[in-house]
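Structure first, then comments.
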Amino acid sequence: QNEELQRTDILVQSFKRAANAANLTAEARAHFRSGVIHENLNNFPAAVQRYDQFLCCCQQLGDAEGVALAHNCLGVVHQREADSQSLLMDGTSTTARLPTGAQMRYE
């Protein structure tokens with residue numbers, strides 16, 4: 001019975017890890033979507049915060065593609081923020097765009 005109990009404990013821990021990975025994946029998607037919304041509203045500090053949280057989730061999951069997407073999003077939002085400040089000063093803009101194929105996985 002002791003062996004059976006150990007196997008059951010191992011299964012419980014496996015289920016917890018699986019549930020945590022699923023929850024972390026859902027959390028990553030939520031942070032990504034929130035970042036996109038904040039970015040579209042030109043609320044760049046909030047977008048950076050959400051993309052940073054998305055990056056942390058992807059790193060914990062070992063999701064290399066998600067990590068790359070998060071870095072891309074952070075670069076784009078920082079560029080957009082700089083452009084918006086530049087636009088206010090001299091009317092120029094060089095906004096970079098996030099490739100739509102990369103973000104489809106998280107939408």
Side-chain angles (χ1 to χ4, degrees):
Q1 285 186 355
N2 195 20
E3 190 175 309
E4 184 69 27
L5 183 60
Q6 287 176 341
R7 276 188 262 161
T8 303
D9 287 342
I10 290 170
L11 281 174
V12 167
Q13 292 303 319
S14 295
F15 288 138
K16 283 184 179 178
R17 280 194 299 274
N20 287 340
N23 290 342
L24 193 55
T25 299
E27 182 181 342
R29 284 186 178 131
H31 288 306
F32 175 77
R33 290 175 180 160
S34 181
V36 170
I37 292 167
H38 283 294
E39 184 179 351
N40 288 340
L41 295 172
N42 294 328
N43 186 355
F44 301 121
V48 167
Q49 181 183 22
R50 292 303 186 147
Y51 288 145
D52 277 336
Q53 291 168 327
F54 173 56
L55 174 61
C56 288
C57 289
C58 291
Q59 288 171 331
Q60 289 175 10
L61 289 165
D63 179 1
E65 187 176 304
V67 168
L69 176 59
H71 283 293
N72 188 359
C73 290
L74 286 163
V76 169
V77 78
H78 284 296
Q79 182 65 52
R80 289 194 61 209
E81 184 175 28
D83 283 350
S84 70
Q85 292 170 358
S86 175
L87 191 59
L88 292 174
M89 294 179 164
D90 64 10
T92 62
S93 176
T94 59
T95 300
R97 294 285 173 210
L98 178 67
T100 56
Q103 69 184 8
M104 288 175 66
R105 178 172 171 219
Y106 294 95
E107 291 185 27

### Between CD on residue Glu65 and CG on residue Leu69, distance to nearest 0.5 Å
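Those atoms lie 7.5 Å apart.
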
### Task
Could you walk me through whether Glu39 and Val48 pass side chain to side chain contact (heavy atoms under 4.5 Å, CB included), step by step?
CA-CA 8 Å; Glu39 184 179 351; Val48 167; over 6 Å; no

Residues two or more places apart in sequence or in another chain: which of them pass side-chain contact (heavy atoms from CB on, under 4.5 Å) with [X]?
{"X": "Ala70", "value": "Phe54, Leu55"}
{"X": "Leu24", "value": "Glu27, Cys57, Gln60, Leu61"}
{"X": "Ala68", "value": "none"}

### Query
Does a side-chain heavy-atom distance below 4.5 Å link Cys58 with Phe32?
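With C-beta onward as the side chain, the pair stays apart.
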
### Listed partners of Asp52 passing side chain to side chain donor-acceptor pair (under 3.5 Å), at least two apart
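Once residues adjacent in sequence are excluded, Asp52 has no partner under the side chain to side chain donor-acceptor pair (under 3.5 Å) criterion.
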
### Message
Could you work out, with side chain to side chain donor-acceptor pair (under 3.5 Å) as the rule, every residue matching Gln49, not counting sequence neighbours?
### Response
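Checked Gln49 against side chain to side chain donor-acceptor pair (under 3.5 Å); zero matches.
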
### Message
Between Tyr51 (side chain only) and Val36 (backbone N and O only), is there a donor and an acceptor less than 3.5 Å apart?
### Response
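Here the side-chain-to-backbone pair exists.
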
### Task
Determine yes or no for a side-chain-to-main-chain donor-acceptor pair under 3.5 angstrom, with Ser34 supplying the side chain and Ala30 the backbone.
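No; judged by distance alone, with no hydrogens or angles, the pair does not exist.
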
### Query
Which pair of heavy atoms, one from Arg80 and one from Asn40, lies closest together, and at what distance?
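Heavy-atom minimum between the residues: NH1-N, 4.3 Å.
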
